[in-house]
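Working notes, structure below.
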Amino acid sequence: MAASVRGIVTPLIAEHVPHERELLEYLRPLDDDGITRLFTRPDSDELLGFGVAEVVSLITPVVWLVVNEFVTRGAGVAADGFFARIRARFSRTPARGTGVAADPVPLTPEQQKAVYQRVYGEACLRGLEEAAAKQLGEAVVARLAMGPSGQ
């Protein structure tokens, strides 16, 4: 069974960044692609009621975009500078993809480390306490390692 970005991200945010659950609730009417486009478009001010500058300080878009990259493109992106692409997307280009993958490829130990370090680092940069950022990074890796059946 295919994994959805929403199905992976929602419980991670609820457990590790509960104060951002309202953002996902607000975005509930949108499909996964719509949310991805919203988090990657500089003109998202109108729907959200605030701009990309404010979104950049949130943890939810980081987790969403990491999981989206994994789900839509496979595990290979994890160790391949995908955060550079995500940062570039925040500033200019709308994302493409379905938000759903048939069967994500399992993460190698190196890719697990890369995903963890990127989520942890970005979460710390956005003001999440170090221990909470560590737990979030570990949870994202663990959830992605579970594959689509672990939803």
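Hydrogens, waters and symmetry mates are skipped; everything else that's a heavy atom, side chains included, is used.
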- Item | Which atom of Gln135 lies closest to which atom of His16, heavy atoms considered | O-CE1, 3.8 Å
- Message: A side-chain contact here means heavy atoms from C-beta on lying under 4.5 Å apart; do Leu58 and Glu20 qualify?
- Response: yes
- Smallest separation among heavy atoms of Lys134 and Tyr116, with atom names: CG-OH, 3.2 Å
- Task: Please name all residues satisfying side-chain hydrogen bond (donor to acceptor under 3.5 Å, both in side chains) with Glu25, sequence neighbours left out, ordered by chain then number.
- Result: Arg28
- Are Phe39 and Asn68 side-chain neighbours, meaning at least one heavy-atom pair lies under 4.5 Å? no
- Query: Do Tyr120 and Glu130 have side-chain atoms, one donor and one acceptor, less than 3.5 Å apart?
  - Reply: yes
- I would like to know whether Val66 and Arg118 meet side-chain contact (heavy atoms from CB on, under 4.5 Å); could you show each step before the answer? CA-CA 9 Å; Val66 169; Arg118 289 188 169 101; 5.6 Å; no
- Heavy-atom check, side chain of Asp32 versus side chain of Trp64, under 4.5 Å: yes
- Message: For a quick test of reading the model, state the closest non-hydrogen atom pair linking Gly7 to Pro11 and the distance between them.
- Response: O-CD, 3.3 Å
- Message: Using 0.5 Å steps for rounding, measure from the CG atom of Leu65 to the CD atom of Glu122.
- Response: 10.5 Å
- Message: By the definition side-chain contact (heavy atoms from CB on, under 4.5 Å), identify the one residue from Val115, Thr36, Val9 that meets it with Val67.
- Response: Val9
- Distance (rounded to the nearest 0.5 Å) between Thr10 OG1 and Glu15 CD: 13.0 Å
- Enter the distance from Ile13:CD1 to Glu22:CD here, rounded to the nearest 0.5 Å. 13.5 Å
- Taking the side chain as every heavy atom from C-beta outward, state whether Leu27 and Leu30 have any pair of such atoms under 4.5 Å apart. yes
- For Leu136 and Ala123, the nearest pair of non-hydrogen atoms, with its separation, is CD2-CB, 4.3 Å
- Message: Suppose we screen for side chain to side chain contact (heavy atoms under 4.5 Å, CB included). Which residues come up paired with Lys113, at least two apart in sequence or across chains?
- Response: Gln117
- Query: Is there side-chain contact between Arg6 and Ile35, with heavy atoms separated by less than 4.5 Å?
  - Reply: yes
